[in-house]
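For clarity, every value in this text was computed on a predicted model and none was experimentally measured. These values consider heavy atoms only, across backbone and side chains, with no hydrogens, waters or symmetry-generated copies.
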Amino acid sequence: MTKLNQIIAVEKGVKSKSLQDINAAHAKVQKPALLAGISRTYQPKDEEGEQLPPESTRVQVQAEDVLREVSASLTRLFDVTATKDWANCQACADVTVDGRILVADAPVSYLLFLEKQLAELHGFVKKLPTLDAAESWSLDPSTDWWKTDPVRTIRTKKVPRNHVKAEATEKHPAQVEVYYEDVPIGYWTTVKFSGALPARRVNELLERVEKLQQAVKFAREEANGTEVTDQRVGDAVFDYLFG
């Protein structure tokens, strides 16, 4: 018995050949000279007249032959496509992850949809923001945010100080240099918060998406292994159209 995946494998080639055949047929019937023929003979007015050989041109393209060629090519395409579409109505498989059926009896068209959506989800999850690895984070139950341990830092203020480089004398005033000293005036206690995710959580999500992607691919392969019944619709269609 033919399998659905075998029909899918040949469908592209059949479509391509049918398109080429249609284009070739269209080109043939669009050239009037190929469809035209002529036969003529010459008879002089009297026996002394010039004798000329007969002339003839054969018809090179017959429209009915072109219709038969088109019919034969498209009949194959119609049959292959019908066989695939009829089989797709019956081809189903379960999407199973770790022994658990997530989607039962999923048709091929839905499995293809799932594959596309999961590829986009994989890209989305991969770009999720993660917590800064340089910090130590814990979950705050009151806000449901991640937070760091409090860090205490000193707040300072620059206070001018005088440094006497030379004492005053009777002849010269004192030489004084002004400099600034950082003097502690208070303390900052800082706690950082974040709505990002731990890298471990993102990796777990990626692993789940990838597992489901594999399960969907396996299910699609299983569904595509369904045995098909060859459909013969082309003959009826073209017997009506060109018969």
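- Taking the side chain as every heavy atom from C-beta outward, D85 and Q231 never approach each other to under 4.5 Å.
- Within the model, atoms CG of L77 and OG of S18 stand 4.0 Å from one another, a figure rounded to the nearest 0.5 Å.
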Evaluate the criterion side chain to side chain contact (heavy atoms under 4.5 Å, CB included) for residue pair I22 and V70; output intermediate values, then yes/no. CA-CA 6 Å; I22 285 290; V70 169; 3.5 Å; yes
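- Considering only heavy atoms from C-beta on, E204 stays 4.5 Å or farther from V202 through its side chain.
- Note that OG1 of T130 and CZ of R201 are 14.0 Å apart. Values are rounded to the nearest 0.5 Å.
- V59 and V29 fall into different hydrophobic clusters, defined by Ile, Leu, Val, Met, Phe, Trp and Tyr side-chain heavy atoms under 4.5 Å apart, directly or through other members.
- Within a 6.0 Å sphere centred on OH of Y240, other residues, nucleotides and ligands contribute 12 heavy atoms or fewer.
- Here the closest non-hydrogen pair linking N5 and G225 is ND2-CA, 4.2 Å.
- The heavy-atom pair separating V97 from A215 by the smallest distance is CG2-CB, 3.7 Å.
- Linking Ile, Leu, Val, Met, Phe, Trp and Tyr whenever their side-chain heavy atoms come within less than 4.5 Å leaves L111 and I101 in two separate clusters.
- The closest side-chain heavy-atom distance from L112 to K116 is not below 4.5 Å.
- Using a 4.5 Å cut-off between side-chain heavy atoms of Ile, Leu, Val, Met, Phe, Trp and Tyr, with links allowed through other members, V151 and Y187 fall into different hydrophobic clusters.
- A distance of 6.5 Å separates CZ of R208 from CG of L205, quoted to the nearest 0.5 Å.
- The CG atom of D235 lies 11.5 Å from the CZ atom of F78; values are rounded to the nearest 0.5 Å.
- A donor-acceptor pair is defined here as one N or O able to donate and one able to accept, closer than 3.5 Å; such a pair exists between the side chain of W137 and the backbone of D132.
- When the side chains of ILVMFWY residues are joined at heavy-atom separations under 4.5 Å, either directly or via intervening members, V108 and L114 end up in two distinct hydrophobic clusters.
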Could you go step by step and tell me if K84 and I8 meet the side chain to side chain contact (heavy atoms under 4.5 Å, CB included) rule? CA-CA 7 Å; K84 182 198 72 172; I8 292 172; 4.2 Å; yes
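- The shortest distance between side-chain heavy atoms of N224 and R220 falls below 4.5 Å.
- Annotation: side chain of F238 is in contact with side chain of L74 (closest heavy-atom distance under 4.5 Å).
- Here the side chains of L206 and K126 are in contact, with some heavy-atom distance below 4.5 Å.
- No more than 12 heavy atoms of other residues, nucleotides or ligands shown are found within 6.0 angstrom of NZ on K217.
- Judged by distance alone, the side chain of Q6 and the main-chain N or O of K3 form a donor-acceptor pair under 3.5 Å.
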Evaluate salt bridge (charged side-chain N to carboxylate O under 4.0 Å, His left out) for D79 paired with R76, printing each intermediate quantity in order. CA-CA 5 Å; D79 288 349; R76 173 65 175 152; over 6 Å; no
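- Of the possible polar contacts, none joining the S16 side chain to the K12 backbone as a donor-acceptor pair under 3.5 Å is found.
- Listed by first then second residue, pairs satisfying salt bridge (Lys or Arg N to Asp or Glu O under 4.0 Å) with a partner in residues 140-160 read K158-D182, not counting sequence neighbours.
- Heavy atoms only, all atoms of each residue included: T41 and P54 are closest at CG2-CB, 3.8 Å.
- V191 forms part of a hydrophobic cluster together with W145, F193, judged by ILVMFWY side-chain heavy-atom separations under 4.5 Å.
- A distance of 6.5 Å separates CG of L4 from OG1 of T226, quoted to the nearest 0.5 Å.
- Taking Ile, Leu, Val, Met, Phe, Trp and Tyr as hydrophobic and joining them when side-chain heavy atoms fall under 4.5 Å apart, one finds Y42 in a cluster with L52.
- D94 places no side-chain N or O within 3.5 Å of a backbone atom of T96 that could act as its donor or acceptor partner.
- Remark: E181 CD is packed, more than 12 non-hydrogen atoms of other residues, nucleotides or ligands lying under 6.0 Å away.
- Residues V80 and V237 fall within the same hydrophobic cluster, defined by Ile, Leu, Val, Met, Phe, Trp and Tyr side chains chained together at heavy-atom separations under 4.5 Å.
- E210 and H122 share a donor-acceptor pair across their side chains, judged by distance under 3.5 Å alone.
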Assess the residue pair V209 and Q213 against the criterion (side chain to side chain contact (heavy atoms under 4.5 Å, CB included)); give the C-alpha distance rounded to whole Å, side-chain angles, the decisive distance to 0.1 Å, and a yes or no. CA-CA 6 Å; V209 173; Q213 284 180 302; 4.1 Å; yes
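- Here E64 contributes atom CD and E69 contributes atom CD; the two are 11.5 Å apart, rounded to the nearest 0.5 Å.
- With a 4.5 Å cut-off on side-chain heavy atoms, K165 and H163 count as touching.
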Before giving the answer on side chain to side chain contact (heavy atoms under 4.5 Å, CB included), spell out for L118 and V216 the whole-Å C-alpha distance, their side-chain angles and the decisive distance to 0.1 Å. CA-CA 9 Å; L118 287 172; V216 170; 3.8 Å; yes
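- Closest approach of S71 to F242, counting heavy atoms only: CB-CD1, 4.0 Å.
- A side-chain donor-acceptor contact under 3.5 Å links T148 to the backbone of K192.
- Side-chain atoms of T169 come within 3.5 Å of backbone N or O of H172 as a donor-acceptor pair.
- Minimum interatomic distance between V233 and A82 (heavy atoms only, all atoms of both residues): CG2-CB, 3.8 Å.
- In the displayed structure, E167 atom CD is contacted under 6.0 Å by at most 12 heavy atoms of other residues, nucleotides or ligands.
- Residues L212 and V95 have side chains in contact (heavy-atom distance under 4.5 Å, counting atoms from C-beta outward).
- The two residues E11 and T81 come nearest to each other via the heavy atoms OE2-OG1, 4.1 Å.
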